[in-house]
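Just below is one structure, and these are the notes that go with it.
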Protein chains: 2
Amino acid sequence: MASLKDIAEASGFSIRTVSRALKGIGYVNEATRTRVLEAAGKIGYQPNRFARSLRTKKSYEISAVALSIDELHMAKIAAMEQILRQSGYVVNLIFGLQSNDGQEKTDFLNEVLSHRPAGVALFGGFGVDLKRYTDQIEQSGAQYIVFDTREKDVDSVRIDRQQGVYDAVHYLAKKGKRRIAYLGQQHDRSRLDGYERAIAELSLEKILVQPFLDAKDENLKWRQAARTLAEMNPRPDAIQAYSDTVALSFLAGLHDCGLRVPEDVALVGFDGRSMAEFASPPMTTVAQPNAEVGQKAAEILLKKIAGEPTPPEGWSVNVPSRLVVRESA
Amino acid sequence: MASLKDIAEASGFSIRTVSRALKGIGYVNEATRTRVLEAAGKIGYQPNRFARSLRTKKSYEISAVALSIDELHMAKIAAMEQILRQSGYVVNLIFGLQSNDGQEKTDFLNEVLSHRPAGVALFGGFGVDLKRYTDQIEQSGAQYIVFDTREKDVDSVRIDRQQGVYDAVHYLAKKGKRRIAYLGQQHDRSRLDGYERAIAELSLEKILVQPFLDAKDENLKWRQAARTLAEMNPRPDAIQAYSDTVALSFLAGLHDCGLRVPEDVALVGFDGRSMAEFASPPMTTVAQPNAEVGQKAAEILLKKIAGEPTPPEGWSVNVPSRLVVRESA
DNA sequence: TTGTAAGCGTTATCAC
DNA sequence: GTGATAACGCTTACAA
C-alpha cells in the first residue's frame, strides 16, 4: 500500500510537504498542492490509521458494548455509526459473554479497553456496578456514554418513557376510551408514572392488569393475563402495555378469549419493535426514538473526546418517545 | 499507558526479552519469564495494537458491511463476533448509505478498505457488481466472505432454503394437510423449488397464491392476498409463505376474512424472526441458522487470513435451515 | 513555503 | 538466552 513516502517520490516533494498538502493544514503553494493531490490520486493513497494513531496517541474507534443483541440496540448503534463515520471514527461491536458472573464482566471491560477505543458506548444490563465501569473507562483515557440507563450518576442518553405513555393515554381518552388499564408489573415505574399522571388528569379510574405469575414461561405469563382482563366487570376498553412483546403475548391471549382488537379492547404497546408493525392488527405503540438516541450519543461522545467542558446541565440528555398510531388503537 | 519499555525498566531486562517472555515465543529463561510477567501484571500492561499492526502490517479488524440494518444480519454478526473475538479480532460495523447510486457504493467500499481491515464480511444487496467488490477487497490485501448471496462466483456462507421449505411441506403433509399452497412470487426460486420438490414427491397439487399487486404498499400486497385464498374453492388448508413478514401480513388478512389459524388454514413462515414468536398464534417458521452462518463465516475468514490453501470444494459452504414448530401449523 | 530529523510501541534482524 | 538496533508510516518540532 502506498505511503506518504511513495507520493513524495512520485511528486518530487518531501514527505512533510505532501502531508500538509493532503491534510490542508499550514501553508502550501497552490501549485504544489495540486501536483501532490494528483500524485496521491494516481497512486491510490490511503492514510495508515495505525501509524497515525501510534504517533498521535489518539484512537479513532468507538466500541459499542452490549450484553445481548437486540433490534432496539442495533437501531441505536446504526444511528450512532452514521454520525461517527462522518467524523472519521469506526464503530466496533462487542457483545457480552452469556455469563452473569461479575468477575467475568470486569475482564470483559478490560478486553474492551485493551483495544484502546477513543470512546465506549454502553448498553444497560451491567447492574449496579455501572458507575465502576464508567470510572474504569475514564481512567483508561477513553470517554463513555451509556444508553438509557436508570442509574443516576452516569452520563446517559435517556428515553422519556413517562411522557410517551402519558401521550398514549391521552390519545386513548380522546378516542373515547374511559376504562384504560395498564398492563405490567407494579415495580417498573417510568411508564406507570406516565400512565398514572394521565389517568389522574383525566379523572379516570386507575386499573392495573398484572401478569399471571404461575405461568410456565414469560410469554404465557402475559398471554394468560388476558383471561384476567376478560373476566373483569366492567371490562377495560383500552390497554397500555409495558412493552411490545408483553402486548403481543397479551394480544394472543385476547384472541384466545375471543376478544377483538380494537373493537372490544384497544391495545397500545411500547418500544416500536418491528413485530408491532406486523401484528394482527398492526399495533399502535409508543416507539423508542432510536435514531435520535444514537445520534445524541454520538454527538456527546464526540464532544467529550474533543475535550469540550462539561455543560452546566451535565452531559446527560432526555429524548421523548413518540406514539406511532396503527390499527390496534 | 504502559509500554514494553516500562516493563523492561521495571524488570531489568531488555525490551526484546520482555517481548518474547510475554508472547511465549522463542527461548526465555523460566526465571526471567516469571519476573517479566510479574512486572507486566503490576504495571497493568496492555499491548498497543496500533504499534503492532504498523510493524507487522497485519490488521486485527474485521469489517461487517451491510446496506441496511436487520435483525437477521445482526444475529449473524453477533455469532461471528464471538468467534473472531476469541482469535483477537475486533468486528467493526459499517452500515450502508441509503443511496442506491452505484458510484456511491464504490466510494463506500473504498472507505471500508481505508480502515485496513484484515477481512470484510459482506451482506447482500450489492447487486450484480458483487464480484467487482470482492475483487477490490482482495486486491487491497484483505480477505472477504459474503453472507448468503445468490451470486455464484463469490465465497459465501449460503442458507439452504430449498431444503427447509421441503421439510416444512413434508411436516404439513404429515399433519394431514392435503392442499398445501405456496405464498410468494413466482420468480423467487429457492424456496419455491423446495416446495415443488416436496409437492411432487407427495403427489399433491401445486397451488400458488400470488400477492395482490394493486395494493398501496408492501404490507397490503400480502394482506389482501388473503382474500384471494379465502375465495378459492376448494380452499387450501395450509400455506408455506415466502417470509415471516409476508406470512404475518397474510395472517392479518386471514383475520380480516374471518379465517382461523391453524384450524382453517395452517401457516408456516420463513426466516425465524422474533416477530414470528410473538404472533397470534405464535407462528411456525423455517428459521435461518444465523448462529451457524455467523460462525462459519468467521471460521472461513480466519482460515483465509491465515493463508490456508483453498480447499478443493472452494470456500463456500451451505448450512441447512430448520423448522421451528409453534402453534400456527 | 518547504525540508530534516526524531519519535510513537512494536517486531525482526542480527550480533554477542 | 539475551541485547542493541532498525524499521513500519505517520506527525511534530525545528531549521532552512
Side-chain angles (χ1 to χ4, degrees), chain A residues 1-40 43-61 88-90 113-118 140-141, chain B residues 1-37 39-40 43-61 88-90 113-118 140-142:
Chain A
M1 272 228 142
S3 70
L4 286 184
K5 198 173 154 197
D6 297 325
I7 304 180
E9 283 167 6
S11 66
F13 293 94
S14 76
I15 291 183
R16 178 71 188 98
T17 305
V18 168
S19 170
R20 299 213 296 187
L22 288 177
K23 307 209 76 175
I25 289 170
Y27 307 103
V28 181
N29 187 313
E30 201 45 53
T32 3
R33 155 172 280 119
T34 48
R35 272 175 56 197
V36 166
L37 289 179
E38 200 180 330
I43 221 167
Y45 174 74
Q46 297 280 22
N48 186 319
R49 301 163 51 228
F50 302 123
R52 182 172 57 145
S53 283
L54 176 60
R55 177 63 234 239
T56 61
K57 293 177 175 296
K58 277 185 195 148
S59 162
Y60 292 88
E61 304 193 2
Y89 287 83
V90 178
L113 295 177
S114 78
H115 295 299
R116 306 180 182 240
S140 84
Chain B
M1 273 227 141
S3 71
L4 286 182
K5 197 174 155 198
D6 298 324
I7 304 179
E9 282 167 8
S11 65
F13 293 94
S14 76
I15 290 183
R16 179 75 189 96
T17 305
V18 169
S19 170
R20 298 211 297 187
L22 288 177
K23 307 209 75 175
I25 290 170
Y27 306 103
V28 181
N29 187 314
E30 202 45 53
T32 345
R33 155 173 280 118
T34 49
R35 274 176 56 198
V36 167
L37 289 179
I43 219 166
Y45 173 75
Q46 296 279 21
N48 186 318
R49 301 163 51 227
F50 302 123
R52 182 170 59 145
S53 282
L54 176 60
R55 179 62 236 238
T56 60
K57 293 176 177 296
K58 278 184 194 150
S59 163
Y60 293 87
E61 304 194 2
Y89 286 83
V90 178
L113 295 177
S114 78
H115 295 299
R116 304 181 184 241
S140 85

Side-chain ion pair, A:E38 and A:R35, N-O less than 4.0 Å:
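Looking at A:R35 together with A:E38, the answer is no, because their closest N to O distance does not fall below 4.0 Å.
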Without decimals, in angstroms, what is the distance between [X] [atom1] and [N] [atom2]?
X	N	atom1	atom2	result
A:R49	D:dT11	CZ	C1'	17 Å
A:Q46	D:dC10	CD	P	11 Å
A:I7	C:dG3	CD1	C1'	17 Å
A:R116	C:dC8	CZ	P	14 Å
B:I15	D:dA6	CD1	C1'	13 Å
A:L4	D:dA7	CG	C1'	16 Å
B:I43	C:dG9	CD1	P	12 Å
B:D6	C:dT10	CG	C1'	13 Å

Not counting sequence neighbours, which residues clear side-chain contact (heavy atoms from CB on, under 4.5 Å) with A:L22? List them please.
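In terms of side-chain contact (heavy atoms from CB on, under 4.5 Å), with neighbours along the sequence ignored, A:L22 is linked to A:L4, A:I7, A:V18, A:V36, A:L37, A:A40, A:Y45.
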State which residues pass side chain to side chain donor-acceptor pair (under 3.5 Å) with B:S53; sequence neighbours excluded, sorted by chain then number.
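If we apply the side chain to side chain donor-acceptor pair (under 3.5 Å) test to B:S53, skipping adjacent residues, there are no hits.
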Could you tell me which non-hydrogen atom of [X] sits nearest to which non-hydrogen atom of [Y], and how far apart they are?
X	Y	value
A:A39	A:A10	CB-CB, 4.4 Å
B:S14	B:A8	C-CB, 3.9 Å
A:G88	A:Y60	O-CB, 3.7 Å

So, does B:Y45 get its side chain near the phosphate of C:dT10, meaning an N or O under 4.0 Å from OP1 or OP2?
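It does, given that an N or O in the side chain of B:Y45 lies less than 4.0 Å from OP1 or OP2 of C:dT10.
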Would you say D:dG3 has OP1 or OP2 under 4.0 Å from some side-chain N or O of B:T17?
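Affirmative; the distance criterion is met.
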Which pairs pass salt bridge (Lys or Arg N to Asp or Glu O under 4.0 Å) with one or both residues in residues 51-61 of chain B, sequence neighbours excluded?
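For residues 51-61 of chain B: A:R49-B:E61, B:R49-B:E61.
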Can you list every salt bridge (Lys or Arg N to Asp or Glu O under 4.0 Å) pair that touches residues 1-17 of chain A, not counting sequence neighbours?
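Sorted pair list comes back empty.
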Start at the 5' end of DNA chain D and walk down; is the nucleotide closest to B:T32 or to A:K5 reached first?
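The 5'-side residue here is B:T32.
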Which of residues 50-59 of chain B have a heavy atom under 4.0 Å from DNA chain D?
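Going residue by residue through residues 50-59 of chain B, the ones with a heavy atom under 4.0 Å of DNA chain D turn out to be B:L54, B:R55, B:K57.
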Identify each atom pair where a protein N or O and an N or O of nucleotides 13-16 of chain C are less than 3.5 Å apart, giving names and distance.
from, atom 1, to, atom 2, distance (Å)
C:dT13, O4, B:R16, NE, 3.3

Treating A:S114 as the side-chain partner and B:Q46 as the backbone partner, does any N or O pair qualify as donor plus acceptor under 3.5 Å?
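No; judged by distance alone, with no hydrogens or angles, the pair does not exist.
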